[in-house]
Amino acid sequence: MKQKLIAGNWKMNGGLAANEALLHEVQQGLAHALASKHAQVAVCVPAVYLSQVQRLVLGSGIDLGAQDVSAHEHGAYTGEISAAMLKDFAVRYAIVGHSERRQYHAETDAHVALKVQRALSTGVTPIVCVGETLAEREAGMTEVVVKRQLAAVIRANGHCISEIVVAYEPVWAIGTGQTASPEQAQAVHAVLRAQLKSSTVHADHVHILYGGSMNAANAVELLSQPDIDGGLIGGAALKAADFLAIIAVAAR
Ligand code: PEP
């Protein structure tokens with residue numbers, strides 16, 4: 001059975017002391033939560049803390065993730081961080097195309113696809129976020145939007161697409177306390193799985209995560225859906241007890 005993947009997205013939160021305290025608490029509880037070995041855990045942290053968190057998670061079974069990666073290999077791109085730089089800190093995952101970056105940093109589908117390409121060619125696994133806004137859902141455009149977003153990534157990456165992680169994150173559910181129902185989420189995940197299947201024979205191996213106000217209570221039903229392979233967790237990843245409770249559900 002494919003292990004579920006629970007990845008925390010700390011966003012622009014944390015600090016040296018707070019990170020240490022949070023990860024200490026998570027690690028204390030993790031041995032128990034992961035006893036069944038049915039879950040993988042990662043934390044995607046602000047870039048300035050990669051070095052600190054690399055040290056803190058060493059040997060704990062928690063993988064390290066970044067929240068973005070440059071589409072460029074190196075050069076005159078002030079403020080950007082390359083995939084090779086992430087590799088220097090043993091980064092396994094990089095979130096790419098989060099709706100907050102699409103919205104506040106004008107990232108297009110094409111730009112996201114290039115970032116995915118750069119991550120894959122460097123051995124960093126991109127967690128590719130797709131998702132519709134509330135207006136798009138209400139207009140019946142959900143499927144069209146997520147398929148368009150994933151299609152750009154597939155076009156640019158060909159058969160390597162089997163190496164990505166996909167995160168379905170309805171924009172209206174992120175940080176709002178409003179979650180997609182298990183049926184709504186499963187329906188979109190099935191669409192994404194079918195789209196992957198038309199491009200790779202390994203589509204069943206691809207983790208498709210759900211993200212958007214996931215907590216321990218709603219995780220039970222969400223994570224029992226056939227095409228939901230884990231979660232991308234924002235707010236709840238900042239509280240050890242909440243994050244551990246979701247991991248425990250995933251590890252069942
Ligand atoms: C996210 O930002 O990826 C996310 C899922 O946030 P939240 O869990 O807080 O909705």
**Message:** Does L223 form a side-chain contact (heavy atoms from CB on, under 4.5 Å) with I6? I'd like the steps, not just the answer.
**Reply:** CA-CA 10 Å; L223 293 177; I6 300 297; 4.3 Å; yes
**Request:** Determine, step by step, whether N157 and L120 satisfy the side-chain contact (heavy atoms from CB on, under 4.5 Å) criterion, reporting the C-alpha distance in whole Å, the side-chain angles of both residues, the deciding distance to 0.1 Å, and the verdict.
**Result:** CA-CA 9 Å; N157 291 279; L120 285 174; 3.6 Å; yes
**Request:** Test V171 against R102 for side-chain contact (heavy atoms from CB on, under 4.5 Å), laying out the working first.
**Result:** CA-CA 11 Å; V171 179; R102 291 180 191 261; over 6 Å; no
**side-chain contact (heavy atoms from CB on, under 4.5 Å) evaluation trace for E132 with M141** = CA-CA 8 Å; E132 81 288 2; M141 296 292 287; over 6 Å; no
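The number of heavy atoms from other shown groups lying within 6.0 Å of NZ (K239) does not exceed 12. A 6.0 Å sphere centred on NE2 of H72 holds more than 12 heavy atoms belonging to other residues, nucleotides or ligands. In E25, the CD atom is not crowded: 12 or fewer heavy atoms of neighbouring residues, nucleotides or ligands sit closer than 6.0 Å. Residue Q52 qualifies as enclosed at atom CD: its count of foreign heavy atoms under 6.0 Å is above 12.
Hydrophobic clustering, with ILVMFWY side chains joined whenever heavy atoms are under 4.5 angstrom apart, groups I247 together with V220. A continuous path of hydrophobic side-chain contacts links V116 to V206 [ILVMFWY only; heavy atoms under 4.5 Å]. Using a 4.5 Å cut-off between side-chain heavy atoms of Ile, Leu, Val, Met, Phe, Trp and Tyr, with links allowed through other members, W10 and Y93 fall into different hydrophobic clusters. In the hydrophobic clustering of ILVMFWY residues, with side-chain heavy atoms under 4.5 Å counting as a link, I233 and V41 come out together. At a threshold of 4.5 Å between side-chain heavy atoms, the hydrophobic network of Ile, Leu, Val, Met, Phe, Trp and Tyr places I208 and L232 in two separate groups.
Of the inter-residue distances, the one linking D88 atom CG with S82 atom OG reads 8.0 Å to the nearest 0.5 angstrom. Taken from NE2 in H202 to NZ in K197, the straight-line distance is 13.0 Å, to the nearest 0.5 Å. One finds the CD atom of Q67 at 11.0 Å from the CG atom of L86 (value rounded to the nearest 0.5 Å). Note: D63 CG to C44 SG = 9.5 Å, rounded to the nearest 0.5 Å. E183 CD to L222 CG: the interatomic distance, rounded to the nearest 0.5 Å, is 9.0 Å. Remark: I127 CD1 to L5 CG distance equals 6.0 Å, nearest 0.5 Å.
Side-chain contact between V153 and I161 is present, with heavy atoms from C-beta onward closer than 4.5 Å. Using a 4.5 Å cut-off on side-chain heavy atoms (C-beta onward), M214 and L209 make no contact. Proximity of V188 to R137: side-chain heavy atoms (C-beta onward) are separated by under 4.5 Å at one or more points. Using a 4.5 Å heavy-atom cutoff, the side chains of N9 and I95 are in contact. Taking the side chain as every heavy atom from C-beta outward, F243 and V43 approach each other to under 4.5 Å. You'll find the side chain of Q186 stays beyond 4.5 Å of the side chain of Y210, heavy atoms only. Within the 4.5 Å cutoff, no side-chain heavy atoms of V166 are placed close to those of V146.
A donor-acceptor pair shorter than 3.5 Å can be found between the side chains of E169 and H98. If you check the side chains of D109 and Q149, you find no donor sitting under 3.5 Å from an acceptor.
Screening R193, Q3, K4 against D229 for a side-chain hydrogen bond (donor to acceptor under 3.5 Å, both in side chains) leaves a single residue, R193.
Looking only at distances, no side-chain donor or acceptor of E107 sits under 3.5 Å from a matching main-chain atom of V96. Listed for the K147 side chain is no donor-acceptor partner under 3.5 Å among the backbone atoms of V191. At distances below 3.5 Å, at least one donor-acceptor pair connects side-chain atoms of S121 with backbone N or O atoms of Q117.
Classification of K115 and D68 as a salt-bridged pair holds, one side-chain N sitting under 4.0 Å from a carboxylate O.
Residues passing the side-chain hydrogen bond (donor to acceptor under 3.5 Å, both in side chains) test with T133, sequence neighbours excluded: E136.
Across all non-hydrogen atoms, the minimal contact from G97 to V112 is CA-CG2, 3.7 Å. For A240 against L22, the heavy-atom pair with the smallest separation is N-CD1, 3.5 Å. Between I228 and A185, the closest heavy-atom pair is CD1-CB, 3.8 Å. Counting all heavy atoms, side chain and backbone alike, Q195 lies closest to S198 at O-OG, 2.7 Å. Of all heavy-atom pairs spanning Q225 and P182, the tightest one is NE2-CB, 3.4 Å. Here the shortest heavy-atom pairing between Q184 and A180 reads OE1-CA, 3.5 Å.
The list of ring-ring contact (aromatic ring centres under 6.0 Å, His included) pairs with a residue in residues 162-197, not counting sequence neighbours, reads Y168-H189.
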